[in-house]
Amino acid sequence: MPTNRQILLAARPEGAPAPEHFRLAETAAPEPREGEVLLQTLWLSLDPYMRGRMSAARSYAKPVEVGGVMEGGTVSKVVASRHKDFSVGDIVLSRAGWQAYAVSDGAGLRKLDPGRAPISTALGVLGMPGMTAYTGLATIGQPKAGETVVVAAATGPVGSTVGQIARLKGCSAVGIAGGADKCRYLIDELGFDAAVDHHAPGLAEKLQAACPRGIDVYFENVGGAVWEAVFPLLNDFARIPVCGLIAHYNDMAPPAGPNLTPQLMRAVLTKRLTIRGFIVRDFAAQAPDFERDVAQWLRAGKIKYREDVVEGLENAPQAFIGLLKGKNFGKLLVRVAKE
Ligand SMILES: NC(=O)c1ccc[n+]([C@@H]2O[C@H](COP(=O)([O-])OP(=O)(O)OC[C@H]3O[C@@H](n4cnc5c(N)ncnc54)[C@H](OP(=O)(O)O)[C@@H]3O)[C@@H](O)[C@H]2O)c1
């Protein structure tokens, strides 16, 4: 049996995660029993939700135990099979976590066709983040031609898909991203109508200039200063799919300052805003529509995607720490083994 390498949760972070919150362990790879397969991880997806799994605070999913393997989606190869439905060499979408090998009884595995699209896309534009963008925008955002759609973390797998779908629906797409390179990419490569750098001074004024007709759909990925700039620009009947709040994932206490809840609720009432949170699995029934539409748009070159690839499982903690600070540029993936 090969040696397994695993990244374990060593301690729960208070505030931003740091290298000491992770630990690399080596053990013998597990042996599959009857009805099981041994999976070798090829690609590990790093996603913002993993910060939530490191915390014991109540959420929509259970936390990783201290000492447990960090949770995560993977594209894996079947390297030994005692399961009737899987053969050696099959490529599957799995939740094997931050480790080089894992056994599975087949539950939740999905076979991938490497001829259809690069297999790593099953973790990005054709996977959970793409589905999040597609379903949240369609179901809650309900964009109509001629409207203005704003999204932040706009070069990431969720935000970049939201903006490009908004364009395909005839909307004006405005992206907010960290840094000039990311903003240039939004305009030059993805065809956004405008891009605003949230690291540069004057975010509120620049966003207002980029949205001369106000904002009809704000796809909320971040919260924080971006939300404060967006809020006054919301039009009557604006829709706000609340997908993520990454600016707050490391918060340890509520912010100082006045309580703005009455102001928020007044706007909800007078502007008749729709603010609705969602978790992608709420819309699982839309998976066939998502797969059909986004695969077609990809093939037609109507949707583009970008990957940020980190080599080696041992570099996953540092890459994840960077993700929460905007160091990634595109869908963050770890190449754990060569395809
Ligand atoms: N509800 C669901 O089911 C669901 C599913 C998937 C993802 N999500 C959420 O969707 C959001 C985007 O996910 P993703 O996978 O596409 O991530 P991503 O964009 O690849 O990475 C996160 C990005 O957030 C931006 N960011 C970090 N801190 C920020 C801050 N303080 N202010 C503004 N931007 C900040 C950074 O981009 P810049 O450098 O451009 O600032 C960073 O690259 C996250 O909030 C995630 O939790 C929700």
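Remember, it's a predicted structure, so these values are computed and weren't measured experimentally. We're numbering straight along the sequence, starting at 1. Atoms within a ligand are numbered from 1 in the order they appear, just like the ligands themselves.
Looking from atom 3 (O) of ligand 1 to the surrounding protein, the closest heavy atom is Val280 N, 2.7 Å. Of the protein's non-hydrogen atoms, Gly156 CA, 3.2 Å is the one closest to atom 19 (O) of ligand 1.
Considering backbone and side-chain N/O atoms, Gly178 comes within less than 3.5 Å of an N/O atom of ligand 1. Below 3.5 Å of separation, one finds no N or O of Lys327 facing any N or O of ligand 1. Annotation: Ala247 places no N or O atom under 3.5 Å from an N or O atom of ligand 1; distance criterion only. In terms of N/O distances under 3.5 Å, ligand 1 is approached by Asn221. An N or O contact shorter than 3.5 Å is missing between Met128 and ligand 1 by distance.
Neither the backbone nor the side chain of Phe329 comes within 4.0 Å of ligand 1, counting heavy atoms alone. Contacts of Lys325 with ligand 1, taken as heavy-atom pairs under 4.0 Å, are absent altogether. Counting heavy atoms under 4.0 Å from ligand 1, residue Lys182 touches it through the side chain alone.
For ligand 1 and Tyr249, the ligand atoms under 4.0 Å from any heavy atom of the residue are 45 (O), 46 (C), 47 (O). Annotation for ligand 1: atoms under 4.0 Å from non-hydrogen atoms of Phe278 are 1 (N), 2 (C). Annotation for ligand 1: atoms under 4.0 Å from non-hydrogen atoms of Leu245 are 45 (O).
Phe219 has its side chain within reach of Val158: a pair of non-hydrogen atoms, C-beta onward, lies under 4.5 Å apart.
Side chains of Lys331 and Ser45: a donor on one and an acceptor on the other come within 3.5 Å.
Of the residues listed (Asp293, Thr135, Val280), the one engaging Gln286 in a side-chain contact (heavy atoms from CB on, under 4.5 Å) is Thr135, and it is the only one.
Ring planes of Phe231 and Trp227: tilted class, angle from 30 to 60°.
A salt bridge is absent between Arg82 and Glu36: the closest approach of a Lys/Arg side-chain nitrogen to an acidic carboxylate oxygen does not fall below 4.0 angstrom. A salt bridge is defined here as a Lys NZ or Arg NE, NH1 or NH2 lying under 4.0 Å from an Asp or Glu carboxylate O, and Glu291 with Arg116 fails to meet this definition.
Residue contact annotation: Cys243 has a non-hydrogen atom under 4.0 Å from ligand 1.
For the residue pair Thr148 and Val174, the shortest heavy atom distance occurs at CG2-CG2, 4.2 Å.
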